[in-house]
Amino acid sequence: MITFEFYGTSHGNGYGGVIKGLPNGFTFNVDFVNKQLENRKTGYGRSGRQLDADTVMFKGFSQTVTVCGDLEFFIPNSKQENRADITALRSGHIDVVGQARYVGKTVRELNELYSARSSACYVVLGAICKQYLETYGIHTYHYTYSIGGIASRNRYRFGISEKDEHFAVFHCPCRYATNLIKQRVDEAKAAGNSLGGTAVVGACGVPMGLGQALPYYEKLDAVISANLMGIPSVKGVSFGIGDKYAQLTGKECCDKLINNNGKIEYATNNCGGIVAGITTGQDIVCKLIVKPVPTVKGVKTVDSVTLTETDAHYERADTCVVPNVGVIGENILAYVLLNQLLKQGMIK
């Protein structure tokens with residue numbers, strides 16, 4: 001079983017951690033991990049602080065790492081800052097609820113400790129797991145379905161959509177939607193506003209029979225959902241056709257089974273690759289609802305010192321993080337799948 005301990009702060013020395021339980025003898029590429037970190041941090045709509053790509057260091061290794069016991073890593077921050085406390089509270093951040101839960105900590109301390117930047121650690125973990133899964137023909141992926149109400153008109157195709165030049169902008173498989181989204185992001189940035197959307201994360205090559213039906217909280221889709229919901233800005237997770245289930249009849253949404261040379265298989269994938277907490281052999285497909293970044297200009301709030309109305313605190317912020325949430329989600333999915341495969345002894 002894979003376990004981990006992560007530490008660090010948003011504007012301090014950096015982030016690091018220890019990963020335990022990875023299969024010994026497995027060798028992975030550090031450049032691949034750094035590429036995933038770059039995808040998490042950069043992109044159109046990200047703030048100026050994101051221009052410097054993260055670089056991970058593994059204790060005792062350089063370009064390749066061979067797992068032998070616990071694995072230690074560190075991601076140094078390219079810039080370190082000591083920022084003043086926040087009193088003009090923001091309702092969408094940890095500012096208010098954090099002080100109710102973690103009594104005695106300042107708003108700035110809470111923002112440093114529980115920053116979305118800590119997701120870099122989970123990307124390191126997932127990028128290692130991705131490489132291990134790929135040796136078994138299992139691949140995780142992500143794409144952007146919509147941003148700011150503009151949705152892709154094209155179907156995503158694994159290994160093909162990524163080759164389109166426009167895909168790199170928002171990780172969207174539709175060129176037409178990409179151009180419209182770019183305009184919408186520019187408008188939001190100029191207005192000091194932000195945009196949300198939907199990101200899709202998935203996996204192909206996952207065999208039928210992975211997961212379990214009981215207890216409920218250990219169903220594979222429950223475990224995946226719990227991990228994906230932990231990503232900052234994610235407010236909902238659905239599988240397959242998602243909320244369309246609420247609009248269809250049982251006959252309309254029921255997946256079709258076929259006999260393929262004596263083997264019963266799923267021919268359609270409305271369920272998103274999981275039934276009763278167990279994989280069907282089809283792609284696992286999860287849609288993530290991503291809220292707009294809550295640091296925006298011109299929102300009224302209450303000052304925690306004077307208790308008077310004021311403008312909410314604003315500092316350098318992202319305009320849109322939907323594609324980056326997809327990167328994080330894809331890597332977290334890789335961790336969940338590898339962990340489950342190891343637990344069931346389906347791979348070693």
Side-chain angles (χ1 to χ4, degrees), residues 1-4 19-37 39 56 58 61 63-71 73 122-143 156-163 200-213 218-225 227-228 239-240 260-261 263-267 269 271-286 326-348:
M1 182 175 178
I2 302 171
T3 60
F4 49 84
I19 303 171
K20 304 178 181 181
L22 290 168
N24 286 328
F26 168 59
T27 299
F28 64 87
N29 187 285
V30 177
D31 286 341
F32 181 88
V33 179
N34 283 326
K35 181 60 179 178
Q36 294 296 307
L37 286 171
N39 289 341
V56 64
F58 292 93
F61 298 93
Q63 293 303 309
T64 60
V65 176
T66 300
V67 179
C68 183
D70 298 349
L71 186 64
F73 72 90
Y122 295 88
V123 171
V124 170
L125 168 63
I128 297 170
C129 295
K130 273 175 61 68
Q131 293 182 69
Y132 194 82
L133 289 174
E134 287 174 359
T135 65
Y136 286 86
I138 300 172
H139 304 270
T140 59
Y141 58 83
H142 79 278
Y143 66 92
Y156 168 82
R157 296 176 295 169
F158 172 71
I160 298 176
S161 295
E162 291 90 346
K163 296 178 182 178
V200 177
V201 299
C204 58
V206 182
M208 182 186 288
L210 182 67
Q212 60 188 62
E218 288 192 9
K219 288 187 173 187
L220 184 59
D221 43 353
V223 176
I224 292 173
S225 297
N227 278 272
L228 294 179
F239 288 80
N260 184 8
N261 295 322
K263 183 179 180 181
I264 299 176
E265 296 180 347
Y266 279 76
N269 195 25
C271 63
I274 301 176
V275 172
I278 302 169
T279 55
T280 67
Q282 294 273 40
D283 279 18
I284 295 176
V285 182
C286 316
V327 174
I328 300 166
E330 171 191 346
N331 282 281
I332 287 178
L333 179 59
Y335 149 69
V336 174
L337 293 178
L338 178 56
N339 200 34
Q340 187 65 43
L341 286 161
L342 292 171
K343 286 171 64 176
Q344 288 185 221
M346 296 178 75
I347 62 175
K348 297 180 180 180

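Because the structure is a prediction, the values reported are computed rather than measured.
A donor-acceptor pair is defined here as one N or O able to donate and one able to accept, closer than 3.5 Å; such a pair exists between the side chain of Thr280 and the backbone of Gln282.
For the residue pair His142 and Tyr156, the shortest heavy atom distance occurs at O-CE1, 4.2 Å. Shown here for Phe239 and Ser225, the closest heavy-atom pair between the two residues is CE1-OG, 3.2 Å. The nearest pair of heavy atoms linking Ile278 to Gly211 is CG1-C, 4.0 Å. Residues Met346 and Gly209 approach most closely at SD-O, 4.4 Å, considering heavy atoms. Contact detail for Cys271 and Val275: the closest heavy-atom pair is SG-CG2, 3.7 Å. Taking each heavy atom of Val201 and Gly329 in turn, the nearest pair found is CG1-C, 3.7 Å.
At a threshold of 4.0 Å, the pair Arg157-Glu162 does not count as salt-bridged, since none of the basic side-chain nitrogens sits closer than that to a carboxylate oxygen.
Counting heavy atoms from C-beta on, the side chains of Ile2 and Cys129 come closer than 4.5 Å. Using a 4.5 Å heavy-atom cutoff, the side chains of Pro23 and Val67 are not in contact.
The number of heavy-atom neighbours closer than 6.0 Å to CD1 of Ile160, taken from other residues, nucleotides and ligands shown, is above 12.
Going from atom CD1 of Ile347 over to atom CD of Gln340 covers 11.0 Å, rounded to the nearest 0.5 Å. Here the straight-line distance linking atom CD1 of Ile128 with atom CG of Asn29 works out to 11.0 Å at 0.5 Å rounding. We find the CD-CG distance between Gln344 and Leu220 to be 8.5 Å, quoted to the nearest 0.5 Å. The line from NZ of Lys130 to CG of Leu337 is 10.5 Å long, rounded to the nearest 0.5 Å. Here Ile328 contributes atom CD1 and Asn39 contributes atom CG; the two are 11.0 Å apart, rounded to the nearest 0.5 Å. For the atom pair Asn339 CG and Leu22 CG, the distance stands at 9.5 Å (nearest 0.5 Å).
Ring geometry for Tyr136 against Tyr132 counts as tilted: the plane angle lies between 30° and 60°, on a 0 to 90° scale. Ring planes of Phe58 and Phe73: tilted class, angle from 30 to 60°.
Sequence neighbours left out, the pairs with a member in residues 23-36 that pass salt bridge (charged side-chain N to carboxylate O under 4.0 Å, His left out) are Lys35-Glu38.
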| Please walk me through it: do Phe28 and Phe61 pass ring-ring contact (aromatic ring centres under 6.0 Å, His included)? | CA-CA 11 Å; Phe28 64 87; Phe61 298 93; 7.9 Å; no
| message | For a side-chain contact (heavy atoms from CB on, under 4.5 Å) check, start with the C-alpha distance between His139 and Leu133, then their side-chain angles and the critical distance, and finish with the verdict. | response | CA-CA 7 Å; His139 304 270; Leu133 289 174; over 6 Å; no
| request: Step by step, work out the side-chain contact (heavy atoms from CB on, under 4.5 Å) result for Ile224 and Ile274. | output: CA-CA 11 Å; Ile224 292 173; Ile274 301 176; 3.9 Å; yes
| Ile138 vs Leu341, side-chain contact (heavy atoms from CB on, under 4.5 Å): CA-CA, chis, key distance, verdict | CA-CA 11 Å; Ile138 300 172; Leu341 286 161; 3.7 Å; yes
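For the 3.5 Å distance criterion, the side chains of Thr3 and Lys20 fail to qualify, holding no donor opposite an acceptor. Looking at Asp283 and Tyr141, their side chains do bring a donor and an acceptor atom within 3.5 Å of each other. No side-chain donor-acceptor contact under 3.5 Å links Thr64 and Thr27. For the 3.5 Å distance criterion, the side chains of Asn331 and Gln36 qualify, holding a donor opposite an acceptor.
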